[in-house]
Amino acid sequence: MADEQQPTKKEQIVRKWIRGALPWVLLAAAAWLALSDFTARSLVETGTEAPVLEASLASGEVFALAEHRGQAVVVNFWATWCGPCRAEAPTLTRIHNRLAGSGGLVVGISADRLPLDQVAQAARGLGMEYPIARAPEETFARFRVTELPTTYVVSPDGHIVWSHVGAVDEEELGRVIADYL
C-alpha cells in the first residue's frame, strides 16, 4: 500500500474541475441534442390538413386560407427584423409570380408588432409583391412556428405538402410547387 502515489496538486485540480464541470457539459450536450431536431419534429406534419388561418391583410381585407381551396398557397411566417426573412423576399416574390399564373399565391404572415401599414411598407421596400398579413398569436401556435422564417406549402386540397424552417431555397421550393403550376 505504500506504493500508492498521492495525486499531484495539478491532478487534484483537474479531477476537481472534471467533477464540477462534466455534469454541466453533459447537460448542455443533451439539451443541444434534444433541441437540434426540435424544429423539424414540431412543424405541422406533411400530409395533414392545414390549420385554420385567418389574417388581416394590409389592404384591410381578411385572408382566409380556407377560401383558397383549389389553389396552391405558400404561407411564409416572417418579420421585418429577421435577416433570413429579408433575404428570402425576392425568392418568394418570384415563386408568387410563378404561382399566380395558375391561380396560386404566396402570403406573408408577419410576426411584427408594428402597425400593419408600416409592415406592408417595409415589405414593399424589400420587394415583396405578394399579400402581407398579420395573424393572431394562436395562428403561429397552430402552425407550430418557433423560428422565423417558417414556410409551408398548402396543396389545392388544403393539405400541408412541404414545410421548411429558415430561408427557402428557390430551386427546392420551385420543385415543390411545380406540381401545381
Side-chain angles (χ1 to χ4, degrees), residues 35 37-80 82 84-114 116-117 119-120 122-124 126-181:
L35 295 176
D37 193 37
F38 175 74
T39 301
R41 287 181 290 158
S42 70
L43 293 175
V44 176
E45 194 173 322
T46 299
T48 61
E49 190 167 340
V52 171
L53 169 57
E54 291 188 356
S56 301
L57 291 165
S59 66
E61 300 172 299
V62 173
F63 173 86
L65 184 58
E67 292 177 6
H68 291 275
R69 286 285 172 112
Q71 299 174 305
V73 179
V74 176
V75 179
N76 177 254
F77 293 91
W78 72 289
T80 58
C82 166
C85 303
R86 297 167 67 89
E88 74 179 356
T91 295
L92 290 170
T93 293
R94 288 188 293 275
I95 294 294
H96 176 70
N97 291 337
R98 286 174 60 188
L99 277 171
S102 63
L105 73 143
V106 172
V107 62
I109 308 297
S110 175
D112 286 285
R113 300 222 185 265
L114 297 170
L116 191 50
D117 61 330
V119 172
R124 282 191 299 277
L126 293 169
M128 295 178 180
E129 298 174 7
Y130 45 89
I132 302 300
R134 175 173 300 123
E137 287 184 28
E138 300 84 52
T139 301
F140 286 78
R142 281 194 296 268
F143 276 85
R144 301 181 185 166
V145 176
T146 59
E147 296 178 49
L148 297 175
T150 295
T151 305
Y152 286 95
V153 175
V154 180
S155 67
D157 68 357
H159 288 84
I160 303 289
V161 294
W162 185 81
S163 59
H164 181 75
V165 175
V168 295
D169 176 77
E170 187 168 358
E171 188 175 311
E172 183 181 359
L173 183 52
R175 281 193 302 270
V176 173
I177 67 162
D179 293 337
Y180 309 108
L181 297 176

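Both backbone and side-chain heavy atoms feed into the values below; hydrogens, waters and symmetry mates do not. In this text, all values refer to a predicted model and were calculated from it rather than measured experimentally.
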Where Ser155 and Val161 come nearest, the two heavy atoms and their spacing: CB-CG1, 3.6 Å

Within-4.5 Å side-chain heavy-atom neighbours: Arg175 and Glu171: yes

Side-chain ion pair, Glu138 and Arg142, N-O less than 4.0 Å: no

Approximate separation, where rounding is to 0.5 Å, of Cys85 SG and Leu126 CG: 9.5 Å

Side-chain (Arg86) to main-chain (Thr80) donor-acceptor, under 3.5 angstrom: yes

Side-chain heavy-atom pair Leu105, His96 within 4.5 angstrom cut-off: yes

Donor-acceptor contact present, side-chain Thr93 to main-chain Gly127, <3.5 Å: yes

Separation between NE2 of His159 and OG1 of Thr46, rounded to the nearest 0.5 Å: 11.5 Å

Glu137 with Arg113: basic N within carboxylate O range, under 4.0 Å: yes

Any Val75 side-chain heavy atom under 4.5 Å of Thr151 side chain: no

Pro156 vs Tyr180 side-chain heavy atoms within contact, under 4.5 Å: yes

Lys/Arg N to Asp/Glu carboxylate O, Glu49 vs Arg69, below 4.0 Å: yes

From CD1 (Ile109) to CG (Leu148), nearest 0.5 Å: 12.0 Å

Non-hydrogen side-chain atoms of Leu173 and Trp162 separated by less than 4.5 Å: yes

Test item: Thr139 and Phe77 side chains (from C-beta on) under 4.5 Å apart, heavy atoms: yes

Whether Glu88 side chain and Val168 backbone form a donor-acceptor pair below 3.5 Å: yes

Ring-ring centroid check His164 Tyr152, cutoff 6.0 Å: no

Close side-chain approach of Met128 and Leu92, heavy atoms under 4.5 Å: no

